[in-house]
Every structure is written in C-alpha cells, then in structure tokens.
Amino acid sequence: MSAFDLNPELISLLSEMRQLAREASSLEFLQKGIVEILSQRLPHYSWTGFYMVDPNDPETLILGPFVGDPTPHMRIPITQGICGAAVASGETIIVDDVNADPRYLSCSIKTKSEIVVPIYMHGTVVGEIDIDSHNPAAFTGADRVFLEEAARIVGSYMENHSDEQLKY
C-alpha cells in the first residue's frame with residue numbers, strides 16, 4: 001500500500017498537513033496543527049502527540065505538542081517503552097494490545113493500542129508521532145502509510161528549516 005492507495009479522507013488530511021507545512025511559522029506550530037487535525041478528524045485516535053529527540057541528550061525523547069489526556073511521560077529514555085523502541089529501531093511499531101507488550105509505558109488505563117512512527121531529518125531519526133487508541137487493534141496498514149507520510153511532511157519541514165532554531 002502506498003499513499004496513493006489511501007481513502008479520500010486520509011488523502012485530504014495529508015493535503016491539509018502539506019498546506020499547513022507550507023504556511024507554518026515554526027515546527028511547534030506545524031506539530032500543533034497536525035495533532036489537532038488528527039484528533040478532530042480521526043475518532044479512533046484517542047491521544048495524538050509528538051516526542052522529539054532531546055538535542056541536549058540524544059538518548060532521551062521529550063514530549064512535544066499533543067492532544068489528549070495529560071501524560072506522566074514528559075521524558076522517555078530511548079531504551080524504554082514503545083516510543084523508545086521505535087526511535088531505536090527507526091521503524092514504525094504497531095501494538096494491537098498494549099497490555100500484552102512488556103515495553104508499554106502506561107499512560108492511561110483506557111489505552112488499548114498504539115502506533116509510533118519515526119520522523120527522519122537528513123536520514124537520522126529526530127522524533128516520532130505517537131498515537132494511542134482506546135480501541136484494541138485500532139491501527140491498520142492504512143494508518144501506517146498515512147502516518148508515515150505525515151512524518152515525512154514534518155521531517156521535510158525540519159530539513160527545509162534546519163538553518164532556523166527548531167524549538168522542540
């Protein structure tokens with residue numbers, strides 16, 4: 001499956017994200033816009049957020065813009081959790097049942113499944129999009145393709161603005 005195979009709604013959301021990236025005044029503005037789009041338009045996305053590699057500590061992820069219940073995980077070592085595993089492996093991770101995955105760092109008892117998609121800048125993982133769902137096995141191949149394209153939009157924005165102070 002490629003981005004061209006996505007349903008019209010997801011293609012439209014990607015178009016909105018690309019437009020947002022063209023108009024964004026900062027990385028934070030872009031990220032806030034994306035998490036709002038995801039949470040408002042995709043009801044099975046119960047918590048949407050960004051974790052970025054800490055530029056002062058490349059072994060730690062720091063919480064960026066998010067929509068959803070507060071999380072106790074403001075900083076996550078790359079050696080811990082599904083978020084850490086996605087950054088360490090550089091691969092998208094889908095967990096159909098978080099309670100069956102020993103890597104899961106519990107944020108909410110309502111969370112049943114999770115998808116974490118790395119964001120690349122110049123070939124290096126610099127962060128990730130993290131989505132939790134209150135539904136078990138909520139994420140499909142279409143979610144993977146869609147969110148990997150969203151991550152490319154963010155990574156491209158970062159590459160095109162790397163001469164600016166990227167705040168995250």
Side-chain angles (χ1 to χ4, degrees), residues 9-10 13-14 16-17 20-21 24-121 125-140 143-144 146-155 157-158 165-168:
E9 178 186 12
L10 295 179
L13 292 179
L14 288 172
E16 286 181 44
M17 289 181 209
L20 185 63
S25 57
S26 68
L27 176 61
E28 183 178 16
F29 181 88
L30 174 61
Q31 290 176 322
K32 284 181 179 180
I34 288 174
V35 294
E36 288 171 10
I37 287 169
L38 295 175
S39 68
Q40 291 170 4
R41 305 276 283 286
L42 298 169
H44 65 292
Y45 288 22
S46 306
W47 189 96
T48 63
F50 286 91
Y51 280 96
M52 302 304 288
V53 175
D54 185 338
N56 300 314
D57 179 5
E59 297 301 313
T60 303
L61 294 166
I62 53 177
L63 181 63
F66 71 94
V67 173
D69 292 338
T71 177
H73 303 291
M74 306 291 285
R75 298 177 64 80
I76 300 175
I78 289 178
T79 57
Q80 294 181 14
I82 297 165
C83 288
V87 167
S89 70
E91 300 288 330
T92 296
I93 297 176
I94 297 175
V95 178
D96 289 337
D97 178 1
V98 296
N99 293 314
D101 193 316
R103 301 172 296 181
Y104 179 64
L105 298 174
S106 181
C107 296
S108 167
I109 60 170
K110 296 183 263 182
T111 299
K112 303 294 185 232
S113 57
E114 182 174 19
I115 184 170
V116 182
V117 180
I119 298 167
Y120 284 86
M121 179 175 149
V125 177
V126 294
E128 60 195 21
I129 300 172
D130 180 21
I131 312 289
D132 294 349
S133 181
H134 296 166
N135 304 329
F139 305 107
T140 66
D143 290 292
R144 173 192 294 265
F146 168 69
L147 291 169
E148 287 175 349
E149 187 61 28
R152 277 191 282 281
I153 292 167
V154 174
Y157 178 90
M158 293 176 73
Q165 180 66 28
L166 292 173
K167 181 184 166 211
Y168 56 86

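Numbers here simply count residues along the sequence, with the first being 1.
Ring orientation note: the planes of Phe139 and His44 are tilted relative to one another, at an angle of 30° to 60°.
Inter-residue side-chain proximity for Ile131 and Trp47 is flagged as unmet; no heavy-atom pair is nearer than 4.5 Å. Counting heavy atoms from C-beta on, the side chains of Val67 and Gln40 never come closer than 4.5 Å. Annotation: side chain of Tyr45 is in contact with side chain of Asp143 (closest heavy-atom distance under 4.5 Å). Looking at Phe146 and Met17, their side chains come closer than 4.5 Å, going by heavy atoms from C-beta outward. Residues Glu114 and Asp132 meet the side-chain proximity criterion, which asks for heavy atoms closer than 4.5 Å.
The only option from Ile115, Val116, Ile82 that meets the side chain to side chain contact (heavy atoms under 4.5 Å, CB included) definition with Ile94 turns out to be Ile115.
Here Thr71 contributes atom OG1 and Asp130 contributes atom CG; the two are 8.5 Å apart, rounded to the nearest 0.5 Å. Taking CG of Asp54 as the reference point, atom CD1 of Ile76 lies at 12.5 Å (rounded to 0.5 Å). Between the CD atom in Glu36 and the CZ atom in Phe66 there is a gap of 12.0 Å [rounded to 0.5 Å].
Counting only distance, with no hydrogens or angles, the side chain of Tyr120 and the backbone of Gly90 share a donor-acceptor pair below 3.5 Å. Under a 3.5 Å cut-off, the side chain of Ser133 and the backbone N or O of Ser113 do not form any donor-acceptor pair.
Qualifying side chain to side chain contact (heavy atoms under 4.5 Å, CB included) partners for Ala85, counting only residues two or more places apart in sequence or in other chains: Ile93, Arg103.
When all heavy atoms of Thr111 and Val98 are compared, the closest pair comes out as O-CG2, 3.4 Å. Nearest heavy atom pair, residue Leu30 against residue Ala24, reads CB-CB, 3.9 Å. Considering every non-hydrogen atom in both Leu14 and Ile153, the closest pair reads O-CD1, 3.9 Å. Of all heavy-atom pairs between His73 and Tyr51, the closest is O-OH, 2.7 Å. The two residues Met52 and Glu128 make their nearest non-hydrogen contact at SD-N, 4.4 Å. Closest heavy-atom contact between Pro118 and Ala86: CG-O, 3.6 Å.
Judged as a side-chain hydrogen bond (donor to acceptor under 3.5 Å, both in side chains), the pairs with a partner in residues 56-68 (not counting sequence neighbours) are, in order, Asp57-Thr60. The list of side-chain hydrogen bond (donor to acceptor under 3.5 Å, both in side chains) pairs with a residue in residues 84-100, not counting sequence neighbours, reads Thr92-Glu148.
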